[in-house]
Amino acid sequence: MDKFMERAIELAVENVREGGQPFGAVLVKNGHLVAEGVNELHKRFDVSAHAEMLAIRRAQKKMHTTVLEGYTMYASGEPCPMCLTAMSFAGIDQVYYCNSVEDAVEVGLGKSKAIYEDLQKSKEERALKIVQMPLDEGQEDPMKIWKERS
């Protein structure tokens, strides 16, 4: 097994032993470990404190950038939709994972699978209802302000 995946698994095992979930992640660039993380939901009371998200945040802070093109993520578990989206926004080029979403379901961690399935549905059919509310007439449009500024 690759040394970076070994580290991600090691982090996940340590996290379980400390009361957390079985997820660890390592962010790498040019063969060098840049940042790592474990799920810290139980410590931070923050649903976004996933291993991959924390590794991304640490790397972005360390490198003073939001762009992580050329980086590779090694994750003990298949990334959830939130983490996958964050990696995409950051420009991470490749992701390797060990345990699948189906493996997570088997041990009682099935939320990611349910969300992936829900995202396949139309907006109207999804469990989380989202409703667009248009701007009031005369209200400033932040998108137009952004476009003018760019």
Side-chain angles (χ1 to χ4, degrees), residues 1-130 132 142-150:
M1 181 177 279
D2 180 279
K3 69 179 180 178
F4 298 119
M5 184 58 78
E6 283 182 15
R7 178 63 180 149
I9 298 298
E10 179 181 290
L11 289 166
V13 169
E14 288 172 11
N15 201 44
V16 171
R17 290 192 173 128
E18 293 174 5
Q21 294 179 335
F23 301 105
V26 173
L27 192 57
V28 174
K29 183 164 186 179
N30 298 327
H32 299 284
L33 191 152
V34 176
E36 57 186 33
V38 297
N39 274 37
E40 294 185 7
L41 285 71
H42 64 298
K43 292 180 180 178
R44 296 177 181 240
F45 304 102
D46 175 358
V47 297
S48 71
H50 287 201
E52 299 93 333
M53 297 291 287
L54 294 176
I56 289 168
R57 288 176 187 150
R58 289 172 181 142
Q60 289 176 329
K61 186 175 182 178
K62 179 179 182 179
M63 307 308 289
H64 295 97
T65 185
T66 58
V67 179
L68 299 175
E69 292 172 359
Y71 287 72
T72 301
M73 182 71 75
Y74 292 82
S76 63
E78 185 173 354
C80 75
M82 174 183 63
C83 293
L84 190 62
T85 301
M87 288 185 265
S88 184
F89 272 120
I92 292 171
D93 297 324
Q94 194 161 23
V95 180
Y96 293 98
Y97 67 91
C98 192
N99 292 116
S100 69
V101 168
E102 290 74 22
D103 295 331
V105 169
E106 287 181 24
V107 298
L109 297 168
K111 191 69 173 174
S112 289
K113 186 173 194 298
I115 294 170
Y116 272 123
E117 289 170 353
D118 201 47
L119 288 171
Q120 298 297 312
K121 300 174 185 174
S122 69
K123 288 179 188 175
E124 297 76 29
E125 296 175 310
R126 292 182 190 156
L128 177 60
K129 301 301 177 205
I130 59 171
Q132 182 178 15
M143 294 292 183
K144 286 182 182 174
I145 294 169
W146 171 259
K147 185 177 179 183
E148 290 168 3
R149 196 180 115 210
S150 297

Main-chain N/O of Ser122 paired with Glu125 side-chain donor or acceptor, under 3.5 Å: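 Side chain of Glu125 to backbone of Ser122, a donor-acceptor pair under 3.5 Å: yes, one is there.
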
Check: Ser150 side chain, Trp146 main-chain N or O, donor-acceptor pair, under 3.5 Å: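 Side chain of Ser150 to backbone of Trp146, a donor-acceptor pair under 3.5 Å: yes, one is there.
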
In Å and rounded to the nearest 0.5 Å, what is the [atom1] to [atom2] distance from [X] to [Y]?
X: Lys111; Y: Cys80; atom1: NZ; atom2: SG; result: 11.5 Å
X: Ile92; Y: Thr72; atom1: CD1; atom2: OG1; result: 8.5 Å
X: Glu124; Y: Arg126; atom1: CD; atom2: CZ; result: 8.5 Å
X: Leu84; Y: Tyr97; atom1: CG; atom2: OH; result: 10.5 Å
X: Met53; Y: Met87; atom1: CE; atom2: CE; result: 9.0 Å

Between [Y] and [X], is there a side-chain heavy-atom distance shorter than 4.5 Å?
X: Cys98; Y: Met5; answer: yes
X: Leu11; Y: Ser76; answer: no
X: Asn99; Y: Glu78; answer: no
X: Arg7; Y: Glu10; answer: yes
X: Ile115; Y: Leu119; answer: yes
X: Leu54; Y: Arg44; answer: yes

Salt bridge present between Lys113 and Glu117 (N-O < 4.0 angstrom):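 So Lys113 pairs with Glu117 through a salt bridge.
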
Other residues, nucleotides, ligands: >12 heavy atoms within 6.0 Å of Lys123 NZ: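 Result for NZ/Lys123: open.
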
Enclosure of Tyr116 OH (heavy-atom neighbours >12, cutoff 6.0 Å):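 For Tyr116, atom OH is crowded (more than 12 foreign heavy atoms under 6.0 Å).
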
No-hydrogen, no-angle side-chain donor-acceptor test under 3.5 Å, Gln94 and Tyr96: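 Gln94 vs Tyr96: donor-acceptor pair found between side chains.
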
Ala49 versus Leu41, closest heavy-atom pair with distance: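 What the structure gives for the nearest pair is O-CD1, 3.3 Å.
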
Where at least one partner belongs to residues 48-63, residue pairs that pass salt bridge (Lys or Arg N to Asp or Glu O under 4.0 Å), sequence neighbours excluded: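 For residues 48-63, and leaving out neighbouring residues, the salt bridge (Lys or Arg N to Asp or Glu O under 4.0 Å) pairs sorted by first residue read Glu40-Arg58.
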
Any pair counted as salt bridge (Lys or Arg N to Asp or Glu O under 4.0 Å), so long as it reaches residues 92-107, sequence neighbours left out: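 Output for this query is empty, none listed.
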
Whether Phe4 and Tyr74 hold their rings parallel, tilted or perpendicular, with breakpoints at 30° and 60°: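 Tilted: the ring planes of Phe4 and Tyr74 meet at 30° to 60°.
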
Indicate every side-chain donor-acceptor pair of residues 18-32 with a distance under 3.5 Å to a residue at least two apart or in another chain.
| from | atom 1 | to | atom 2 | distance (Å) |
| --- | --- | --- | --- | --- |
| Gln21 | OE1 | Asn39 | ND2 | 3.0 |

